[in-house]
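Below is one structure; the comments refer to it alone.
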Amino acid sequence: MVRYVLWFVFFTGCLAQEDLGGKVFLFPKATDTAHVILKPVIKKPVESFTVCLESYTELTREHSLFSLAVPGKDNALLIFPMPPTTCRFILNQEPVDPKVQPEVFDWKHTCVAWESGSGVVQLWINGKLYPRTVLKKGPLIDAKASIILGQEQDSYGGGFDISQSFMGEISNVHMWDYVLTQVDIQKVLAGKKDVNGNIINWRSLQYEIKGDVTVQPKLQCRSLQNHYNLLSSCNET
């Protein structure tokens, strides 16, 4: 497959728009500076969403995977694993600490979905839906959203803490402005190319790297065990 890369150069740095299929962001060490800024496509206030991503790390401490802040809310949305058996997420400053299966040293696929009308939140890890909960209703995200991978925002666009930083690999980040169906969640998990985010699309990603982060080929695949087969997902389906 031929991939095209567009580079838009500004006085403040470089913004890349790239098909990152088969690639990862590599965070080689813990810092309070290294992060990736994602540039979302938001045309109207987001009242429902699904975020999915894959991560691969040997960290045994808490760490931030996906941090979305808006002015006045540093934790509009935060996905924050707390190994070995908790995956915290925060919506509109309201935290939830669901218990999950113990971490294993493998790629992990995480999805969080929220529907504003009901407030129902879904957490999916490696295709398993954990018990749902209900959080605040109402609009969540607007065009001023600051989305960062690898650090938690304790203030809008900054306030990083090395003890919460990510170290490892992140791949296949997508975000939609609606709640995916169970069928679509399974398609995303299997790496199907016909299900791509309309707010953040890994296969047409606008991003900016800050600090010690590089784009690398994805070499290690995620093992998926279903009832009948053991297969690997490299997102090349």
Side-chain angles (χ1 to χ4, degrees), residues 4-21 25 35-55 64-80 89-94 110-124 135-160 166 170-181 184-185 187-188 193-210 213:
Y4 297 92
V5 181
L6 300 175
W7 292 93
F8 300 91
V9 181
F10 299 92
F11 291 107
T12 57
C14 293
L15 171 65
Q17 180 171 336
E18 185 177 358
D19 178 353
L20 290 182
F25 288 128
H35 62 285
V36 178
I37 302 170
L38 302 186
K39 306 295 183 177
V41 178
I42 299 177
K43 298 179 180 179
K44 60 181 181 179
V46 175
E47 298 185 352
S48 298
F49 71 83
T50 307
V51 173
C52 293
L53 57 81
E54 293 184 351
S55 58
S64 175
L65 290 177
F66 185 99
S67 173
L68 189 155
V70 296
K73 293 182 180 179
D74 59 337
N75 287 324
L77 170 60
L78 177 66
I79 303 175
F80 194 77
F89 57 86
I90 302 177
L91 291 174
N92 279 328
Q93 311 298 110
E94 187 175 354
T110 304
C111 291
V112 174
W114 174 75
E115 196 277 315
S116 65
S118 64
V120 172
V121 181
Q122 302 176 24
L123 172 65
W124 298 77
L135 295 179
K136 296 176 181 177
K137 304 176 183 180
L140 176 67
I141 304 164
D142 59 27
K144 296 180 181 180
S146 169
I147 301 179
I148 287 177
L149 303 179
Q151 300 283 352
E152 181 187 359
Q153 300 176 77
D154 285 331
S155 60
Y156 180 71
F160 306 145
F166 177 77
I170 293 177
S171 187
N172 296 308
V173 185
H174 290 274
M175 184 173 185
W176 297 261
D177 62 359
Y178 55 91
V179 174
L180 293 187
T181 65
D184 284 339
I185 291 283
K187 286 183 177 180
V188 174
K193 292 184 178 180
D194 60 342
V195 187
N196 297 309
N198 61 352
I199 294 180
I200 296 171
N201 180 353
W202 188 254
R203 295 188 174 92
S204 182
L205 190 70
Q206 296 186 54
Y207 67 93
E208 186 175 357
I209 288 176
K210 297 288 189 179
V213 184

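Everything numeric in this text was worked out from a predicted model, so none of it was measured.
- Rounded to the nearest 0.5 Å, atoms NZ (Lys210) and CD1 (Ile37) are 5.0 Å apart.
- Note that the CG atom of Leu68 and the CD1 atom of Ile147 stand 4.5 Å from one another [nearest 0.5 Å].
- By the 4.5 Å heavy-atom criterion applied to side chains, Gln206 and Ile200 are not counted as neighbours.
- Between atom CG of residue Leu53 and atom SG of residue Cys111 there is a gap of 7.5 Å, rounded to the nearest 0.5 Å.
- Across all non-hydrogen atoms, the minimal contact from Glu115 to Ser48 is CA-OG, 3.5 Å.
- Side-chain contact check for Phe89 versus Leu135: some heavy-atom pair is nearer than 4.5 Å.
- Side-chain contact between Leu77 and Trp114 is absent, with no heavy atoms from C-beta onward closer than 4.5 Å.
- Leu38 has its side chain out of reach of Met175: every pair of non-hydrogen atoms, C-beta onward, lies at least 4.5 Å apart.
- Between the side chain of Ser64 and the backbone N or O of Gln151, at least one donor-acceptor pair lies under 3.5 Å.
- Taken to the nearest 0.5 Å, the CZ atom of Phe160 stands 7.5 Å off from the OG atom of Ser67.
- Between the Glu54 side chain and the Asn172 main chain, no donor and acceptor come within less than 3.5 Å of each other.
- Using a 4.5 Å cut-off on side-chain heavy atoms (C-beta onward), Asn201 and His174 make contact.
- The CH2 atom of Trp124 lies 13.0 Å from the OG1 atom of Thr110; values are rounded to the nearest 0.5 Å.
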Tell me, with the steps shown, if Val112 and Leu123 meet side-chain contact (heavy atoms from CB on, under 4.5 Å).
CA-CA 5 Å; Val112 174; Leu123 172 65; 3.9 Å; yes

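- Smallest separation of non-hydrogen atoms from Asp74 and Ser155: CB-N, 4.0 Å.
- Looking at Asn198, its side chain does come within 3.5 Å of a backbone N or O of Asp177 through a donor-acceptor pair.
- Counting heavy-atom neighbours within 6.0 Å of Lys39 NZ, excluding the residue itself, gives a total above 12.
- Using modelled atom types, no side-chain atom of Trp176 and backbone atom of Thr50 make a donor-acceptor pair closer than 3.5 Å.
- Within the 4.5 Å cutoff, the side chain of Glu18 has heavy atoms near those of the Tyr207 side chain.
- Listed by chain and residue number, nothing satisfies the salt bridge (Lys or Arg N to Asp or Glu O under 4.0 Å) test with Lys144 (two or more places apart in sequence, or in another chain).
- In this structure, the side chains of Phe49 and Leu91 come closer than 4.5 Å at one or more pairs of heavy atoms.
- Contact of the Phe25 side chain with the Leu205 side chain is registered, since non-hydrogen atoms from C-beta on lie closer than 4.5 Å.
- In this structure, the side chain of Ser146 does not engage the main chain of Tyr156 through any donor-acceptor pair within 3.5 Å.
- Atom CD1 of residue Ile148 and atom CD of residue Gln153 lie 3.5 Å apart, to the nearest 0.5 angstrom.
- Across all non-hydrogen atoms, the minimal contact from Ala145 to Pro40 is O-CG, 4.3 Å.
- At a cut-off of 3.5 Å, with distance as the only test, no side-chain donor of Glu94 or Asn75 sits close to an acceptor on the other residue.
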